[in-house]
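Side chains included, hydrogens not; waters and symmetry mates left out as well; all remaining heavy atoms used. Order of appearance sets the numbers: ligands from 1, and atoms from 1 within every ligand.
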Amino acid sequence: MENMKAVRVHNYGGPEVLRFENAPRPIPGSGELLVRVHAAAVNPVDWKIRAGHMKEIFPYTLPLIPGWDVSGVVEVAGPDVKQFKKGDEVYARPDLARNGGYAEYVVVRETETALKPRSIDHVHAAAIPIVASTAWQALFDRASLAKGQRILIHGAAGGVGSFAVQLAKWKGAHVIGTASTRNQAFLRELGVDEAIDYEKARFDDVVKGVDVVFDTIGGDTRARSWKVLKKGGILVSIVGPPPSADEAAKLGVRTAFFSAQPNASQLAEIAALVDSGKIKPFVETVLPLSEARRAHELTESGHARGKIVLQVA
Ligand SMILES: NC(=O)c1ccc[n+]([C@@H]2O[C@H](COP(=O)([O-])OP(=O)(O)OC[C@H]3O[C@@H](n4cnc5c(N)ncnc54)[C@H](OP(=O)(O)O)[C@@H]3O)[C@@H](O)[C@H]2O)c1
């Protein structure tokens, strides 16, 4: 069996449980690709899984390789693979229930993979799959956001929020975004119509009658969000616990909560939008794979601007 370098979790715990070491190189099965990883992005779910917060949902057999956002080159196309061949440059959103891409190689399903955007490098391509598809599924699949509607996006400077702002603007919506003082100029760069500094103002004092709230923060931020919706509006959340459907019904609004799923055709549409210059990833920090611990400390702070990416090749 061939080996590769990887970062693995042998026991749940703090960033120190991440071990940079040798691991067996995986072998692709039917409908799967072995991808030589060039870059893997870091998402908040990575540290939540590392800490053991999600072990009821994903009962992993340890050791586990985290990292469910990858960009790289197809090394081997397994049996029955139809759309890809050795040498294709791809990006993918591997299944959270399986090993991820903090490694020299990862096995991904064809159904989780698309050709990477041609106009950007692997570091920037890796920064896209989870956050862009989450924003896409929230805005278009759940909220059916339409041209001319008004949307409030919480955490607009984060990984998911920064794509949500760009996708909502592409759709022709009026976008209001919240972030801290440090990120106000960044919100303008992303293209928001109105930027709210949550350190200086309460958004519920200044926003009224929106069609959609996209909640990437939860807690008190979500609790104060109901009243800024217009009747019939929708609050879409991606942070647990799920919003109360009873509360929504009492206020005459709707709510949705979901876990984003891998979707190859959405990744292909997103790649086309990137290549046509409509949307782009923002990478704040690039670290070598051996510094995954540092990357986890950064994501766990909850104040990332854009993305943190591990460079592998
Ligand atoms: N359900 C799903 O399928 C799904 C998918 C992806 C992500 N998620 C979850 O969604 C959350 C966000 O993910 P992410 O990747 O976007 O995280 P991220 O890149 O770490 O961004 C978090 C952002 O939140 C902002 N923030 C913190 N407190 C805020 C507040 N009170 N009001 C407004 N903004 C605030 C931060 O900006 P400042 O520094 O300016 O505060 C930061 O930019 C995470 O909890 C993640 O696990 C869920």
Numbered atoms of ligand 1 (with element) below 4.0 Å of [X], judged on heavy atoms:
{"X": "S259", "value": "1 (N), 3 (O)"}
{"X": "V239", "value": "9 (C), 10 (O), 11 (C), 45 (O)"}
{"X": "A157", "value": "43 (O)"}
{"X": "A179", "value": "40 (O)"}

Looking at [Y] and [X], is any side-chain nitrogen of the basic one under 4.0 Å from a carboxylate oxygen of the acidic one?
{"X": "R182", "Y": "E284", "value": "yes"}
{"X": "R222", "Y": "D215", "value": "yes"}
{"X": "D193", "Y": "R150", "value": "no"}
{"X": "D46", "Y": "R50", "value": "no"}
{"X": "R294", "Y": "E297", "value": "yes"}

When you measure from the centre of the six-membered ring of F140, is the NZ or CZ of K171 under 6.0 Å away and within 45° of the axis?
yes
What is the nearest protein non-hydrogen atom to [atom], stated with its residue, atom name and distance?
{"atom": "atom 42 (C) of ligand 1", "answer": "A304 O, 3.3 Å"}
{"atom": "atom 37 (O) of ligand 1", "answer": "N183 ND2, 3.8 Å"}
{"atom": "atom 22 (C) of ligand 1", "answer": "G302 O, 3.8 Å"}
{"atom": "atom 41 (O) of ligand 1", "answer": "Y198 OH, 2.4 Å"}
{"atom": "atom 18 (P) of ligand 1", "answer": "G159 N, 3.9 Å"}
{"atom": "atom 17 (O) of ligand 1", "answer": "P44 CG, 3.4 Å"}
{"atom": "atom 11 (C) of ligand 1", "answer": "T216 O, 3.4 Å"}
{"atom": "atom 47 (O) of ligand 1", "answer": "K48 NZ, 2.7 Å"}

Checking heavy-atom distances from atom 34 (N) of ligand 1 to each of G155, S301, G161, the winner is G155
TODO: Please verify whether a non-hydrogen atom of K307 lies at under 4.0 Å from ligand 1.
DONE: no
So, does F258 sit close enough to ligand 1 that a heavy atom of it is under 4.0 Å from the ligand?
yes
Any N or O on G158 sitting closer than 3.5 Å to an N or O of ligand 1? yes
Would you check the N or O atoms of A260, main chain and side chain alike, for any that come under 3.5 Å of an N or O of ligand 1? yes
Note to self: When you compare the side chain of D69 with that of P129, does any pair of heavy atoms fall below 4.5 Å?
What the structure shows: yes
Got V45 and L96 here, is their nearest side-chain heavy-atom distance under 4.5 Å? yes
- Any chance CD1 of I27 has more than 12 other-residue heavy atoms, nucleotides or ligands included, within less than 6.0 Å? no
Contact region, T134 to ligand 1, non-hydrogen atoms below 4.0 Å, reads side chain
At under 4.0 Å between heavy atoms, what of V160 touches ligand 1? The answer is both
Short side-chain to backbone donor-acceptor contact, Q261 and S259, under 3.5 Å: yes
- Query: Can you check salt bridge (charged side-chain N to carboxylate O under 4.0 Å, His left out) on R98 and E32, steps first, answer last?
  - Reply: CA-CA 13 Å; R98 313 204 308 172; E32 296 179 342; 2.9 Å; yes
H296 versus E16, side-chain donor and acceptor atoms under 3.5 Å: no
